Protein chains: 2
Amino acid sequence: MNIGDVAENTGLPAKTIRYYEDIGLIKPMRDGNGYRRFRDQDVHKLNFLGRARALGFTIEDCRTLLALYEDETRASADVKRVAREHLTQIEAKIADLNAMRGTLSHLIDACAGDDRPDCPILKDLGGKS
Amino acid sequence: MNIGDVAENTGLPAKTIRYYEDIGLIKPMRDGNGYRRFRDQDVHKLNFLGRARALGFTIEDCRTLLALYEDETRASADVKRVAREHLTQIEAKIADLNAMRGTLSHLIDACAGDDRPDCPILKDLGGKS
DNA sequence: ATGAGGGTTCCAGTGACGGGAAGGTCAAGG
DNA sequence: CCTTGACCTTCCCGTCACTGGAACCCTCAT
């Protein structure tokens with residue numbers, strides 16, 4: 001399989017696939033003409049990576065998870081720890097965003113949104129609360 | 001005021017303040033020795049920027065908001081539009097993160113987290129659901 | 001004179017790619 | 001045989017909002 005077919009199959013852009021090779025996540029073979037040749041195992045890894053990235057894992061987490069995936073002697077505790085730490089990050093981000101949303105929607109509700117200059121949003125940002 | 005005092009007053013790192021000057025958000029004066037000299041209006045702008053950034057507005061949004069802030073003839077509708085668009089982005093992000101959190105916590109709950117290799121997290125990422 | 005503690009500029013790096021240039025390869029059609 | 005168009009390759013720059021660090025200047029106290 002060439003990179004275009006793999007891109008279509010995995011849903012990952014060709015650029016991303018090349019990037020993943022660059023940083024050593026996958027190691028496809030090469031044909032005589034220099035084209036990358038992807039075996040099933042490469043495609044499988046890419047699907048793994050795509051799903052892990054979709055769950056928000058960083059590339060370094062993905063590297064770790066992939067290594068655990070390939071290691072038949074892994075302890076599931078190691079996987080779980082990585083996942084739990086990531087979950088903690090996600091929850092922290094959600095909390096931050098919820099705080100922003102709360103403040104913002106409050107301010108938006110208070111703003112007339114007409115052609116007059118008075119604006120509680122700017123008033124708040126300006127510190128005159 | 002020199003940059004160090006401004007940094008302390010606003011809570012913004014000196015590096016960030018220099019960056020904001022670089023990209024034209026503020027235009028502090030210069031002393032004879034080349035040091036930046038910040039007037040109250042500069043400090044005020046920086047506080048504005050700090051608060052807007054804390055609400056998650058992009059730098060370009062901040063530029064827009066600052067321009068509106070300075071424009072006595074603005075329409076609050078313009079401010080509100082910027083804020084609403086940002087709120088939409090935030091809500092989209094929250095939705096994404098909530099979806100991730102749901103899947104992740106599900107998988108984490110299903111994982112024994114012991115020294116055995118069996119792991120529903122990896123099984124899911126591997127596509128064998 | 002020296003040292004500490006400001007300040008300055010400029011360059012490189014972050015994460016995870018995306019855009020685009022310049023060029024090699026391949027299969028099909030005229 | 002030649003061309004065309006769709007692939008593929010590498011390489012470098014840009015993103016966003018900074019952060020770190022090097023190399024250097026200024027000021028004041030000892």
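In this text, all values refer to a predicted model and were calculated from it rather than measured experimentally. Letters go in sequence order (proteins before strands), and every chain restarts at 1.
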Between side-chain atoms of residues 12-29 of chain A and protein atoms elsewhere (two or more places apart, or another chain), which donor-acceptor pairs fall under 3.5 Å?
from, atom 1, to, atom 2, distance (Å)
A/Glu21, OE1, A/Arg30, NH2, 3.4
A/Glu21, OE1, A/Arg36, NE, 2.4
A/Glu21, OE1, A/Arg36, NH2, 3.2
A/Glu21, OE2, A/Arg30, NH2, 3.4
A/Lys27, NZ, A/Gly24, O, 3.4

Below 4.0 angstrom, which residues in residues 81-99 of chain B have at least one non-hydrogen atom near DNA chain C?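 The stretch gives none, as no residue of it lies under 4.0 Å from the strand.
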Check each residue of residues 52-60 of chain A for a non-hydrogen atom within less than 4.0 Å of any atom in DNA chain C, then write out the ones that pass by number, or none. A/Arg53, A/Thr58, A/Ile59
Check ring pair (Phe, Tyr, Trp, His ring centres under 6.0 Å) between B/Phe48 and all other residues, then give those that pass, not counting sequence neighbours.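 Here the qualifying residues are B/Tyr69.
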With sequence neighbours left out, what residues match B/Phe57 under ring pair (Phe, Tyr, Trp, His ring centres under 6.0 Å)? B/His86
Bounds of contact between DNA chain C and chain B, in 5' to 3' order, using a heavy-atom cut-off under 4.0 Å: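 Both ends considered, the range comes out as C/dG6 to C/dC10.
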Is the backbone N or O of B/Gly4 less than 3.5 Å from a side-chain atom of B/Asn2, with the two atoms forming a donor-acceptor pair by type?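 Not a single qualifying donor-acceptor pair exists.
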Can you find a heavy atom in the side chain of [X] that is under 4.5 Å from one in the side chain of [Y]?
{"X": "B/Ile59", "Y": "B/Arg53", "answer": "yes"}
{"X": "A/Arg74", "Y": "A/Asp78", "answer": "no"}
{"X": "A/Thr58", "Y": "A/Asp61", "answer": "yes"}

State plainly whether one hydrophobic cluster holds both B/Ile3 and B/Tyr35, where clusters connect Ile, Leu, Val, Met, Phe, Trp and Tyr through side-chain heavy atoms under 4.5 angstrom apart.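 No, separate clusters.
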Within this structure, what is the CZ-to-P distance between B/Arg63 and D/dC18, rounded to whole angstrom?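 Value for this atom pair: 12 Å.
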Just how far, in rounded Å, is C1' of D/dA17 from CG of B/Leu49? 13 Å
Show the nearest heavy-atom pair for residues B/Gly102 and B/Ser105, with the distance to one decimal.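 Scanning both residues, the minimum pair turns out to be O-OG, 3.3 Å.
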Give me each pair satisfying side chain to side chain donor-acceptor pair (under 3.5 Å) with a member in residues 108-119 of chain B, each pair once, sequence neighbours excluded.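 Residue pairs with at least one partner in residues 108-119 of chain B: A/Ser76-B/Asp114, B/Asp114-B/Arg116.
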With A/Asp42, which residues qualify under salt bridge (charged side-chain N to carboxylate O under 4.0 Å, His left out), at least two apart?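 A/Asp42 satisfies salt bridge (charged side-chain N to carboxylate O under 4.0 Å, His left out) with A/Arg39 only.
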Could you tell me which residues satisfy salt bridge (charged side-chain N to carboxylate O under 4.0 Å, His left out) with B/Arg63, sequence neighbours excluded, listed by chain and number? B/Glu60
If we fit an axis to the first five pairs and another to the last five of the helix from C/dA1-D/dT30 to C/dG30-D/dC1, what angle do they make, to the nearest 10°? 40°
Could you pull out every donor-acceptor pair under 3.5 Å between side chains of residues 87-94 of chain B and any protein atom, sequence neighbours left out?
from, atom 1, to, atom 2, distance (Å)
B/Thr88, OG1, B/Arg84, O, 3.0

One character per nucleotide, please: for nucleotides 8-13 of chain D, 5' to 3', B when the base has a protein heavy atom closer than 4.0 Å, S when only the sugar-phosphate does, - otherwise. SBBB--
Quick check on B/Asp40: does its CG atom have over 12 non-hydrogen neighbours (other residues, nucleotides or ligands) under 6.0 Å away?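 Open.
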Taking CD in A/Glu70 as the centre, count heavy atoms belonging to other residues, nucleotides or ligands within less than 6.0 Å. Is the count above 12? yes
